[in-house]
Amino acid sequence: MPEIRQSIAQHYHKRTKYDPETITKKSQGLDWSKQPVPFKEYKIGSAFDLKPYLQKKPESYTSDSKRRQWQRLSRLLFSSYGLTAKMPSLGSAVYLRSAPSAGGLYPAEVYLVSRGTPILPSGLYNYQCRSHSLMHFWESDIWRDLQEACLWHPALEGTQLAIIVTAIFYRSQWRYEDRAYRRICLDTGHLLGNIELAGSITDYRPHLIGGFADDAANELLYINPQQEGVIAVLPLADLLDIQQNLPAWNTALPSRTDTDYPQISDGELLNYFHQSTRIQMGTSGNVNLPLVQAKKSLEDKYNFPFCQKISTVTNPIYWGENLEGLELNIHQRRSTRAYSGEDLTLDELKALLNFTYQPQDYINQNLDNCPDYFDLSLIETFIVCSGVEGLETGCYYYAPKAQELRQIRFKNFRRELHFLCLGQELGRDAAAVLFHTADLKSAVNQYGDRVYRYLHMDAGHLGQRLNLAAIRLHLGVSGIGGFFDDQVNEVLGIPEDEAALYVTTLGRPR
């Protein structure tokens, strides 16, 4: 019987694993003369300056309705992807943004599409984060084209604004080579997490769309699909307009599953993989909606009678009046560079998990109680605890619906964590290390190869919520996208074909 060939998503994941035997051979010195600039420039267009409207307190809002709309939009974009710090580096400067990015490379670009509003004429805009402005580079009404590209998604019927997020591949590929696609999608997930939370702060409700006709979406923005590609579309429902209080819809559609791919050279795998996960124009969203019965619940996993179970039910984090604390944390967020090795408390870990996985607990603080993800039923969460007061050292499975930790391995894994995080001391000194994983074969069966985007963007979104909760609690946090994949599976005790998506270290900063 002939062997069943893996899909391109499975092939890509296997090809881009870091391995202790080969990582030093693959790594090459970076050519700093070719480092990409993480900003896009337009020589032609009209600039709309958003800086005068960057008011941070509701009482500073004016009664002028147009000015208030500018204030809301300005804060939304700044909290999503604005510049929050300038750091010197190798004789130049590195600009940090409100959303984290691997290596500070910021592959994502943010565009705004207007249907025509009292403040924004119809057309296409690029968010220029260096100047905190919008560049109006196309003035025609293209909303119907956007609807067509998004396969007539219902969220676009009554809304007036939409954010489009693209990825400029080389910005990350310059440093991370073919594995960069993982980091690009994780970085986009961080950004999606910010957009969702910033929407609550400014009374917008982003509706996530991951199922769109890629070629049509790229043509809409006049981008070269070999260099840049649309990766997410988010219609913005205005919550101050009662007609735009819309229900939630499906966010993800499947692509084809490619098992008939050629030999692909190193350096070409990333682009080939992205192109192979496209959805074609003419796809019917109704026909291609994921089957409900295909979704499996992960809640009963590791639910053994003899398994130690720890409830994580706790009080929600308080974000301050009018969510001022959340907005401030978004602006102040930084990745921790070193941990002290001190323990976390169990209550702190519970609070982190609560904000990340229990959004329904935050409805009284005017946060969205059901934010959009692609499909969280595909993602599993493991936590390796090395220093959490009240918890034995070992590996725990987290069941978010049951809100409990289930201990599945009994050991202090600090040495293994240090190794699998590529020798980074963050892994060794963290009090807890959280892992997101997925059964990639099962996910591909449900959504095709495009699911690889969805999985990593969802993991990045969860990671961003962890980031912000940790900052609020004055804890250290750092996401890690580079790790020895197979060693992750060994530590967690999961099958070798299960895909490790993301690692987040948590602890007390040094």
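Residue numbers count from 1 along this sequence. No hydrogens, no waters, no symmetry mates; every other heavy atom, side chains included, goes into these values.
Ion pair Asp429/Arg414 not flagged as a salt bridge, since none of the NZ, NE, NH1 or NH2 atoms sits closer than 4.0 Å to an Asp/Glu carboxylate oxygen. Salt bridge absent: Asp449 and Arg256 never bring a charged side-chain N and a carboxylate O closer than 4.0 Å. We find that Glu228 and Lys40 are joined by a salt bridge, their nearest charged nitrogen and carboxylate oxygen being less than 4.0 Å apart. Using a cut-off of 4.0 Å between Lys/Arg side-chain N and Asp/Glu carboxylate O, Arg508 and Glu348 are scored as salt-bridged. Using a cutoff of 4.0 Å between basic side-chain nitrogens and carboxylate oxygens, Lys17 and Asp486 are scored as salt-bridged. Under the 4.0 Å criterion applied to side-chain N and carboxylate O atoms, Asp372 and Arg205 are assigned as salt-bridge partners. Asp485 and Arg182 are joined by a salt bridge, as a carboxylate oxygen and a charged side-chain nitrogen come within less than 4.0 angstrom of each other. The pair Glu392-Lys411 does not meet the salt-bridge criterion, since no charged nitrogen lies less than 4.0 angstrom from a carboxylate oxygen.
Checked against the 6.0 Å centroid threshold, Tyr502 and His456 do not count as a close aromatic pair.
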- Item | Trace of the side chain to side chain donor-acceptor pair (under 3.5 Å) decision for His331 with Ser79 | CA-CA 7 Å; His331 300 167; Ser79 291; 3.0 Å; yes
- Task: Determine, step by step, whether Val110 and Leu191 satisfy the side-chain contact (heavy atoms from CB on, under 4.5 Å) criterion, reporting the C-alpha distance in whole Å, the side-chain angles of both residues, the deciding distance to 0.1 Å, and the verdict.
- Result: CA-CA 10 Å; Val110 172; Leu191 174 56; 3.8 Å; yes
- Given Lys441 and Gln10, is the side-chain contact (heavy atoms from CB on, under 4.5 Å) satisfied, shown in steps? CA-CA 7 Å; Lys441 181 179 179 181; Gln10 294 169 287; 3.5 Å; yes
- Applying side chain to side chain donor-acceptor pair (under 3.5 Å), run through Asn194 and Gln464 and close with a yes or a no. CA-CA 7 Å; Asn194 267 6; Gln464 182 63 354; 2.7 Å; yes
- Message: Evaluate Glu425 against Arg337 for salt bridge (charged side-chain N to carboxylate O under 4.0 Å, His left out), listing each step before the verdict.
- Response: CA-CA 9 Å; Glu425 293 180 354; Arg337 299 302 178 193; over 6 Å; no
- CA sep, side-chain torsions, deciding dist, call: Thr312, Asn354, side-chain contact (heavy atoms from CB on, under 4.5 Å): CA-CA 8 Å; Thr312 60; Asn354 178 264; over 6 Å; no
- Message: Run Thr393 and Val384 through side-chain contact (heavy atoms from CB on, under 4.5 Å) and show every step you take.
- Response: CA-CA 8 Å; Thr393 58; Val384 179; over 6 Å; no
- Query: Can you list the steps and then say if Asp375 with Ser377 is a side chain to side chain donor-acceptor pair (under 3.5 Å)?
  - Reply: CA-CA 5 Å; Asp375 193 341; Ser377 75; 2.5 Å; yes
- Task: Would you sort out whether Tyr111 and Tyr127 count as a ring-ring contact (aromatic ring centres under 6.0 Å, His included), showing the intermediate values?
- Result: CA-CA 6 Å; Tyr111 298 82; Tyr127 176 52; over 10 Å; no
- Query: What's the verdict on side chain to side chain donor-acceptor pair (under 3.5 Å) for Lys350 and Asn315, showing C-alpha distance, side-chain angles and the deciding distance?
  - Reply: CA-CA 9 Å; Lys350 288 180 178 181; Asn315 294 323; over 6 Å; no
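For the pairing with Tyr398, the ring-ring contact (aromatic ring centres under 6.0 Å, His included) check across Phe382, Phe435, Tyr357 returns one residue only, Tyr357. The side-chain contact (heavy atoms from CB on, under 4.5 Å) test with Val230 is passed by exactly one of Leu220, Asp215, Thr166: Thr166.
Checking Ser101 against Asp187 by side-chain atom types alone, a donor-acceptor pair falls below 3.5 Å. For the residue pair Tyr373 / Thr251, no side-chain donor-acceptor distance below 3.5 Å is found, with atom types taken as modelled.
Residue His11 comes nearest to Leu269 through the heavy atom pair CD2-CD1, 4.3 Å, listed as atom of the first residue, atom of the second, then distance. What you find for Ala198 and Ser80 is that their closest heavy atoms are CB-OG, 3.9 Å. Nearest heavy-atom pair, Ala167 versus Ile184, reported as atom, atom and distance to 0.1 Å: CB-CG2, 3.4 Å. Across all their heavy atoms, Ser7 and Thr257 have their closest contact at CB-CG2, 3.6 Å. Contact record, Tyr12 with Asp178: OH-O, 2.6 Å, taken as the closest heavy-atom pair. In terms of heavy atoms, Gly199 sits closest to Leu76 at N-CD1, 3.7 Å.
If you take CG on Leu352 and CG on Leu344, they are separated by 7.5 Å, rounding to the nearest 0.5 Å. Atoms CD1 and OG1, from Ile494 and Thr437 in turn, are 4.5 Å apart once rounded to the nearest 0.5 Å. Interatomic distance, CZ of Phe374 versus CZ of Arg453, reported as 9.0 Å (0.5 Å rounding). Note that CG of Asn271 is 4.5 Å distant from CD of Gln226, once rounded to the nearest 0.5 Å. How far CD of Gln275 is from CD1 of Ile8: 12.0 Å, rounded to the nearest 0.5 Å. Atom OG1 of Thr277 is separated from atom OH of Tyr181 by 4.5 Å, given to the nearest 0.5 angstrom.
A cation-pi contact links Arg5 to Tyr261, judged by a cut-off of 6.0 Å to the six-membered ring centre and 45° from its axis. Remark: Arg406 is not positioned above the aromatic ring of Tyr302, lacking an NZ or CZ atom under 6.0 angstrom from the ring centre and at most 45 degrees off the axis. Geometrically, Arg97 engages Tyr106 in a cation-pi contact defined by less than 6.0 Å to the ring centre and at most 45° from the axis. Geometric assessment of Arg450 against the ring of Phe212 yields a positive cation-pi assignment under the 6.0 Å and 45° thresholds. Remark: Arg472 is not positioned above the aromatic ring of Phe355, lacking an NZ or CZ atom under 6.0 angstrom from the ring centre and at most 45 degrees off the axis.
Remark: side-chain polar atoms of Arg179 are paired, donor with acceptor, to backbone N or O of Thr16 under 3.5 angstrom. A donor-acceptor distance shorter than 3.5 angstrom exists from the side chain of Asn489 to the backbone of Glu498, with no hydrogens or angles considered. Side-chain N or O atoms of Tyr452 include none that pairs as donor or acceptor with a backbone N or O of Val444 at under 3.5 Å.
In this structure, the side chains of Thr259 and Gln6 stay at 4.5 Å or more apart for every pair of heavy atoms. Using a 4.5 Å heavy-atom cutoff, the side chains of Pro400 and Gln358 are in contact. A 4.5 Å side-chain heavy-atom check between Ile279 and Leu151 finds at least one atom pair inside the cut-off. Between Asp458 and Leu376 the shortest side-chain heavy-atom distance falls below 4.5 Å. Looking at Arg428 and Leu417, their side chains never come closer than 4.5 Å, going by heavy atoms from C-beta outward. Using a 4.5 Å heavy-atom cutoff, the side chains of Tyr176 and Leu105 are in contact. Using a 4.5 Å cut-off on side-chain heavy atoms (C-beta onward), Leu426 and Cys421 make no contact. Tyr396 places a side-chain heavy atom less than 4.5 Å from the side chain of Leu391.
Open room surrounds CG on Asp260; 12 or fewer heavy atoms of other groups in view lie less than 6.0 Å from it.
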